[in-house]
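All remarks here apply to the structure that follows.
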Amino acid sequence: MAANPAVVPGAVRQVSLRLEVADPSQDGDLGGIALPAELQRAVPVRQLHFRAGRYCALRALQLLDPERPVGTLARSPSGAPLWPAGVSGSITHTDGFVSAAVAHTTTIRSVGIDSECIMSPEQARSVATVVSWPSELAYARDAGLDRFQALTLVFSAKEAIFKCLHPLVGRTFDYHDVRIVGVDAGTGTFRARVVQTLSREVPADSIVGGRFEVGERWIHTGVFVPAARAALTEAPDGSSGAARYPSVAVAAGLAFGKVP
Ligand SMILES: CC(C)(COP(=O)(O)OP(=O)(O)OC[C@H]1O[C@@H](n2cnc3c(N)ncnc32)[C@H](O)[C@@H]1OP(=O)(O)O)[C@@H](O)C(=O)NCCC(=O)NCCS
């Protein structure tokens, strides 16, 4: 097991694993988790990541609801995990690290987590213009991140936003449909603006807040949408909403949680 990055509120149950496997076809205890048909021919490392993600997710579901029988977690045609009724969640895997986060939808309507290895110069060269605008990198650089950390943060934040919002808006959207407009290293938070309307609930100019953690090897990000009532009355970790989440931005019905 690995320590959970501090990117989601306390109401979210998260389980993380360090994955240091010399031979990805030897996946030990994870082997009991069945692969979906579309991954039967995938490379061993992809199969290992899928199984490890499901393993973390099933452990996190047990933490959330200890009485729940251990089941399986199907995959939607879009690739999103099909969580049990009343549960929101998210899975991420990257080289050496896997994590899953789950919550009750009565508290957290949707959650997205992402972990990425800090990019190499070659990776950065090939993805920079695809995933970012110069202004986004400037916010991250101004917060003290080096240029590889900055690009990795922008990329990871957008992946977390996508995983959180895709199940709610029901459509795909692009890296340039969301723009990072603030990074605060002191509080480990970022802000992003939705550039074009994604749904009635998420119109253009909605502000999404999220949290990040920079480690030596990985950058972790987390975004969540609190259930509307929880946002108005109490924060997802049970403390006073107003005190703990002073900057929750309410956008046409959706309240995005910004962890201070
Ligand atoms: C789906 C996507 C976000 C996954 O992110 P990633 O960094 O490549 O990979 P991660 O390992 O962190 O996450 C993979 C997990 O995300 C989850 N996932 C996949 N599609 C998803 C979706 N539509 N909604 C929510 N979660 C999804 C799955 O659990 C998947 O793991 P699994 O297949 O083993 O179950 C990414 O591949 C993608 O398609 N991005 C393009 C769209 C995008 O990000 N736009 C940016 C908008 S600002």
Side-chain angles (χ1 to χ4, degrees), residues 5 7 14-17 19 24 27 30 33-40 42-58 60-61 72-83 87-102 109-119 123 127 130-133 136 151-181 190-199 202 204 206-208 210 212 218-225 256:
V7 295
Q14 188 170 8
V15 171
S16 304
L17 268 185
L19 259 194
D27 57 7
L30 306 173
I33 293 173
L35 289 171
E38 63 273 24
L39 293 183
Q40 296 288 345
V43 293
V45 72
R46 173 66 180 107
Q47 295 182 338
L48 173 64
H49 279 183
F50 176 85
R51 288 191 167 113
R54 286 307 193 266
Y55 175 83
C56 291
L58 295 175
L61 284 169
T72 54
L73 206 52
R75 196 165 183 262
S76 80
S78 75
L82 289 172
W83 300 102
V87 173
S88 56
S90 183
I91 295 174
T92 185
H93 29 63
T94 188
D95 195 20
F97 185 84
V98 182
S99 190
V102 297
R109 197 169 150 202
S110 190
V111 59
I113 59 167
D114 190 74
S115 299
E116 300 290 339
C117 292
I118 295 169
M119 288 187 204
Q123 289 169 319
V127 304
V130 178
V131 304
S132 67
W133 272 292
E136 301 180 291
L151 179 57
T152 309
L153 171 63
V154 168
F155 177 57
S156 179
K158 291 183 177 187
E159 297 286 53
I161 291 169
F162 182 83
K163 291 182 206 174
C164 180
L165 290 189
H166 181 255
L168 298 181
V169 303
R171 51 161 287 194
T172 57
F173 49 99
D174 188 58
Y175 295 100
H176 292 101
D177 292 334
V178 170
R179 190 187 285 243
I180 303 296
V181 292
F190 62 85
R191 284 165 64 82
R193 186 168 65 80
V194 176
V195 174
Q196 65 152 302
T197 295
L198 300 179
S199 73
V202 189
S206 296
I207 296 292
V208 183
F212 71 94
W218 300 289
I219 286 184
H220 309 279
T221 53
V223 173
F224 67 97
V225 175
F256 296 102

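Counting from 1, the numbers follow the sequence of the chain as shown. None of these values were measured; they are calculated from a predicted model. In each ligand, atom 1 is the first atom listed, and ligand 1 is the first ligand listed.
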### Message
Tell me the closest heavy-atom pair linking F190 and I161, and the distance in Å.
### Response
CE1-CD1, 4.2 Å

### Query
Got a protein heavy atom sitting under 4.0 Å from atom 39 (O) of ligand 1?
no

### Message
Between S115 (side chain only) and T92 (backbone N and O only), is there a donor and an acceptor less than 3.5 Å apart?
### Response
no

### S132 side chain vs E136 backbone, donor-acceptor pair below 3.5 Å
no

### Donor-acceptor contact below 3.5 Å, side chain E116 vs main chain T94
no

### Task
Could you pull out the closest heavy-atom pair between S199 and V169, with the gap in Å?
OG-CG1, 3.6 Å

### Query
Please state which protein non-hydrogen atom is closest to atom 14 (C) of ligand 1 and give its distance, to 0.1 Å?
H93 CE1, 3.8 Å

### Minimum-distance protein heavy atom relative to atom 46 (C) of ligand 1
Y175 CD2, 3.5 Å

### Message
Considering non-hydrogen atoms of the protein only, which is the closest contact for atom 44 (O) of ligand 1, and what is the distance?
### Response
E159 OE1, 2.5 Å

### Task
Between R171, K163, R51, flag the one that comes closest to atom 26 (N) of ligand 1 by a heavy atom.
K163

### Query
With no hydrogens and no angle check, is any side-chain donor or acceptor of S88 less than 3.5 Å from a backbone partner on V111?
no

#### Entry: Taking atom 18 (N) of ligand 1 as the reference point, the nearest protein heavy atom with its distance
G79 O, 3.6 Å

### Query
Quick one: which ligand 1 atoms are inside 4.0 Å of a heavy atom on V178?
48 (S)

### Query
Looking only at atom types and distance, does a side-chain atom of R109 sit under 3.5 Å from a main-chain N or O of V225, one as donor and one as acceptor?
no

### Query
Which of the numbered atoms in ligand 1 are below 4.0 angstrom from a heavy atom of R54?
35 (O)

### Query
What do you reckon, does I161 put a non-hydrogen atom under 4.0 Å from ligand 1?
no

### Query
Any donor and acceptor pair, going by atom type alone, linking the side chain of T221 with main-chain N or O of F212 inside 3.5 Å?
no

### Query
For ligand 1, is there an atom lying under 4.0 Å from some heavy atom of D177?
no

### Message
Looking only at protein heavy atoms, which one is nearest to atom 24 (N) of ligand 1, and what is the separation?
### Response
A80 CB, 3.5 Å

#### Entry: Backbone N/O of Q40 and side chain of Q47: donor-acceptor pair under 3.5 Å
yes

### Query
Quick one: does T92 get an N or O within less than 3.5 Å of an N or O on ligand 1?
yes

### Task
Give a yes/no on ligand 1: does G53 have at least one heavy atom closer than 4.0 angstrom to it?
no

#### Entry: Check: R54 side chain, L73 main-chain N or O, donor-acceptor pair, under 3.5 Å
yes

### Query
With atoms numbered from 1 as shown, which atoms in ligand 1 lie under 4.0 angstrom from a non-hydrogen atom of E116?
7 (O)

### Query
Taking both backbone and side-chain atoms of P81, is any N or O found less than 3.5 Å from an N or O belonging to ligand 1?
no

### Residue part near ligand 1, for F162, under 4.0 Å between non-hydrogen atoms
side chain

### Message
I'd like to check whether R46 has a polar contact with ligand 1, where a contact means an N/O of the residue lying under 3.5 Å from an N/O of the ligand.
### Response
yes

#### Entry: Flag, side chain of K163 to backbone of D114, donor-acceptor distance under 3.5 Å
no

#### Entry: Within reach of ligand 1, part of D114 (heavy-atom separation under 4.0 Å)
side chain

### Task
Of all the heavy-atom pairs spanning P81 and I91, show the shortest one and how long it is.
CG-CD1, 3.8 Å

### Query
Which of the listed options, I91, D174, I180, holds the heavy atom that is closest to atom 48 (S) of ligand 1?
D174

### Query
Between H166 and ligand 1, does any nitrogen or oxygen pair lie at a separation below 3.5 Å?
yes

### Query
Among F155, F173, F50, F97, whose heavy atom sits nearest atom 45 (N) of ligand 1?
F173

### Task
Answer yes or no: are there more than 12 heavy-atom neighbours, outside D95 itself, under 6.0 Å from its atom CG?
no

